[in-house]
Every structure is written in structure tokens, then in C-alpha cells.
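Computation of the quantities below employed the complete heavy-atom set of this structure, encompassing side-chain atoms and omitting hydrogens, waters and symmetry-equivalent molecules.
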Amino acid sequence: MLTYTAKRLAMAIPTLLIVITVSFFLMRVAPGGPFDGERQLPPEIEHNLQAAYHLDEPLPMQYLRYMGNLLQGDFGPSFKYKDFSVTQLILQGFPVSLELGGLAIGLALIIGLPLGVIAALRRNSTVDYMVMGVALGGIAVPNFVIAPILALVFGVLLAWLPAGGWNGGALPNLVLPVIALAIQQIAYIARMMRASMIEILGSHFIRTARAKGLSERQVIWRHALRPAMLPVISYLGPAIAGIITGSVVIEQIFGLPGIGRYFVQGALNRDYTLVMGTVVFYGVLIVLMNLVVDLLYSALDPQIRYDD
């Protein structure tokens with residue numbers, strides 16, 4: 001397992017290198033710059049700023065300088081938040097995004113898994129059609145539509161919950177953003193679990209278990225549930241990374257100080273180092289989440305031997 005883990009981490013390096021290189025050059029060739037604004041700076045001041053951040057150097061030299069600093073764990077200074085480094089901003093925002101994403105994926109599993117199992121056990125019944133219909137609706141409506149509706153209804157019209165703000169991570173402030181993030185994941189997990197459960201219930205080993213006289217409850221809990229969860233486990237890696245990184249819009253709508261907000265602000269202000277820092281951080285996060293899921297997959301299914 002250690003060999004497999006080391007191989008996976010080594011294989012991730014070229015992927016991250018491509019992501020960093022493409023992102024770096026796309027940011028640099030895009031129109032506009034970090035010091036372009038409504039108020040035009042005097043040429044000498046702009047020249048000094050360019051020199052201070054090494055933006056007056058040839059592009060390949062900037063790239064090599066950035067990669068050299070990155071190998072030392074230095075994401076560089078932020079152009080917009082001048083009193084902070086990019087590392088400091090990421091460390092400030094990531095706990096917020098992590099808390100939101102963790103709660104959302106937890107809620108999605110708590111609701112999505114049982115719904116998928118119920119739909120599979122009641123296949124082609126009214127319950128099945130209702131669950132799958134609601135799930136399809138959850139997938140079809142994007143979270144940037146759901147979030148404003150939740151804020152308007154429960155935050156403004158009914159005034160049951162705060163319509164926005166972080167308030168130190170107070171529970172009432174978390175409810176609406178977490179629900180907005182979780183709805184699509186609930187739908188995906190429910191549909192995936194239903195399909196997997198139906199396939200497992202038709203397997204030979206399930207028929208053998210029933211032939212031995214086990215009750216339907218025992219068949220499901222002892223033999224069907226664990227293998228049926230394997231596709232969901234595979235999905236969780238990119239889902240966790242996606243829900244954390246995909247909270248960009250939700251954080252903007254609810255005014256939350258997560259890492260996604262810094263990414264948006266960095267992109268709007270051509271803050272090269274801030275955008276690159278969040279891209280690299282997201283890339284590493286996605287690689288790690290996929291690795292964790294692969295290890296969980298092997299733990300749930302001992303037939304898999306990654307060291308072979």
C-alpha cells in the first residue's frame with residue numbers, strides 16, 4: 001500500500017505541473033494587469049511597481065522565478081491585499097471553505113444514501129419515482145439559482161435564518177449555504193446509490209444469501225450495502241474536492257470569507273499570485289482527495305490489490 005501511495009503521489013506531479021504552467025501563462029497573456037484601474041497611475045510609479053513584483057522581466061524568467069519560489073512553499077505576495085501574503089490568505093479562507101464543504105458532503109451522505117437504498121428497494125413504485133424525480137430536479141437546478149432563492153425565502157421573507165454573513169461560523173449562518181451546496185450532491189448520491197443497489201441485489205451472491213434463508217434485512221445489511229457503496233465512495237473524492245472548490249459562488253452570494261471569495265477577487269483584480277495560489281492549492285487538494293478515496297476503496301473491497 002505504501003508503494004501504491006508513493007506511485008500515485010509521483011504520478012500527480014506531472015499533472016500539477018501542467019495545471020500550474022497552463023494557469024500561469026493564461027493569467028499573463030489575458031488582457032489587463034494588476035495595476036490597471038479606473039485611476040491611471042503615473043508611468044514612473046507603474047514602472048516601479050512592475051519592477052518591485054518582477055513583472056518587468058521576460059515571461060519565461062517570471063515563470064522560472066515563480067516555480068522556484070513555489071518549490072520553497074512561497075506563493076508570493078498578494079497584489080490586492082498588500083499586507084498579506086497569498087499563503088496567509090489561503091490559510092485564513094480555507095477553514096471556512098472546509099467547514100462548509102465538510103458539512104455539505106456530510107448532509108449529502110446522510111440524506112442521499114438512504115434515499116438511494118429506499119428507491120432501489122421500492123423499484124418502479126411511486127416512492128421510487130418521487131425520489132428520482134426530486135433528485136433529477138436537484139441536479140437540473142444549479143446552486144447559484146438555489147442559493148438566492150433560499151436567501152430570499154428563508155432569510156428575507158420569513159426571516160428564519162440570516163440571509164448572509166459568517167458571524168464566526170455560527171450555526172444559523174451555516175444552514176442556508178450548506179443546504180445550497182448539498183442539494184446537488186444529495187441528488188447525485190441518491191441516483192448513484194439506487195443504480196448500484198439494484199445491480200447488487202440482482203447478483204448471484206445475493207440470491208445465494210436469500211437461498212440460505214437469511215431475512216431481507218440481513219441480506220441488505222450484511223451483503224448488499226457495502227459493495228453497493230463502492231461507486232459512491234469512488235465519487236466522493238472528486239465530489240469533496242469539487243464541493244470545497246465549487247463553493248466559490250455560494251461564498252460570494254452569502255458573503256462568506258472562504259477561499260473561493262479570494263479566488264474571485266483575485267481573478268477580477270488580475271491578482272496573479274493570488275489566483276495562482278488558489279489554483280495550485282485546489283489542484284493539490286483534488287489529488288489528495290482522490291488518493292484518500294482510492295485507499296478507502298481498497299479497504300472496503302479487499303479483492304483490490306494495488307501493489308500488484
Side-chain angles (χ1 to χ4, degrees), residues 7-94 97 101 144 237-238 240-252 258-291:
K7 285 181 180 177
R8 286 296 307 271
L9 288 174
M11 290 168 60
I13 292 175
T15 304
L16 288 174
L17 189 59
I18 293 172
V19 170
I20 293 169
T21 303
V22 171
S23 303
F24 180 89
F25 285 102
L26 282 178
M27 282 295 299
R28 291 303 197 277
V29 300
F35 307 117
D36 295 343
E38 296 179 359
R39 184 178 178 182
Q40 187 67 34
L41 293 173
E44 60 275 13
I45 294 179
E46 186 170 351
H47 175 74
N48 290 337
L49 287 172
Q50 298 268 0
Y53 290 105
H54 306 287
L55 296 177
D56 57 343
E57 296 176 348
L59 206 52
M61 182 64 73
Q62 292 183 43
Y63 174 72
L64 292 176
R65 182 185 294 279
Y66 182 79
M67 295 302 291
N69 292 334
L70 196 60
L71 289 175
Q72 302 174 44
D74 181 11
F75 288 106
S78 168
F79 297 157
K80 176 178 172 56
Y81 304 95
K82 299 186 185 304
D83 295 332
F84 298 91
S85 69
V86 172
T87 303
Q88 289 174 317
L89 293 174
I90 290 175
L91 292 178
Q92 283 181 10
F94 182 60
S97 298
F144 61 79
I240 292 173
I243 205 168
I244 292 174
T245 58
S247 60
V248 172
V249 177
I250 300 299
E251 289 174 7
Q252 283 291 111
I259 194 172
R261 188 186 66 169
Y262 290 126
F263 177 80
V264 173
Q265 292 299 322
L268 292 175
N269 293 287
R270 292 287 188 273
D271 193 338
Y272 297 149
T273 50
L274 183 54
V275 173
M276 287 301 301
T278 53
V279 167
V280 173
F281 187 78
Y282 284 156
V284 172
L285 185 66
I286 290 171
V287 168
L288 290 178
M289 285 298 102
N290 280 291
L291 178 61

- Show your reasoning for whether side-chain contact (heavy atoms from CB on, under 4.5 Å) applies to His54 and Tyr66. CA-CA 10 Å; His54 306 287; Tyr66 182 79; over 6 Å; no
- Task: Could you please spell out the steps behind the side-chain contact (heavy atoms from CB on, under 4.5 Å) verdict for Gln92 and Tyr262?
- Result: CA-CA 10 Å; Gln92 283 181 10; Tyr262 290 126; 3.4 Å; yes
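In this structure, Met61 CE and Leu59 CG are separated by 11.5 Å, a value rounded to the nearest 0.5 Å. Rounding to the nearest 0.5 Å places CD1 of Ile90 at 7.0 Å from CG of Leu274. Of the inter-residue distances, the one linking Ile18 atom CD1 with Ile13 atom CD1 reads 12.5 Å to the nearest 0.5 angstrom. For the atom pair CZ (Phe24) and CD (Gln62), the distance works out to 5.5 Å, reported to the nearest 0.5 Å.
Under the 3.5 Å distance criterion, the side-chain polar atoms of Thr273 are left unmatched by any main-chain donor or acceptor of Gly76. Looking at Ser23, its side chain never comes within 3.5 Å of a backbone N or O of Met276 through a donor-acceptor pair. Asp271 places a side-chain N or O within donor-acceptor distance of the main-chain N or O of Phe79, the cut-off being under 3.5 Å.
Other residues, nucleotides and ligands contribute at most 12 non-hydrogen atoms within 6.0 Å of the CZ atom of Phe84.
Considering every non-hydrogen atom in both Glu251 and Ile259, the closest pair reads OE1-N, 3.6 Å. Considering every non-hydrogen atom in both Gly277 and Val86, the closest pair reads CA-CG1, 3.9 Å.
A search for side chain to side chain contact (heavy atoms under 4.5 Å, CB included) contacts involving Leu17 returns Thr21, Tyr63, Met67, not counting sequence neighbours.
Between Phe263 and Tyr282, the ring-plane angle classifies as tilted under the 30° and 60° cut-offs.
Proximity of Leu16 to Val280: side-chain heavy atoms (C-beta onward) are nowhere separated by under 4.5 Å.
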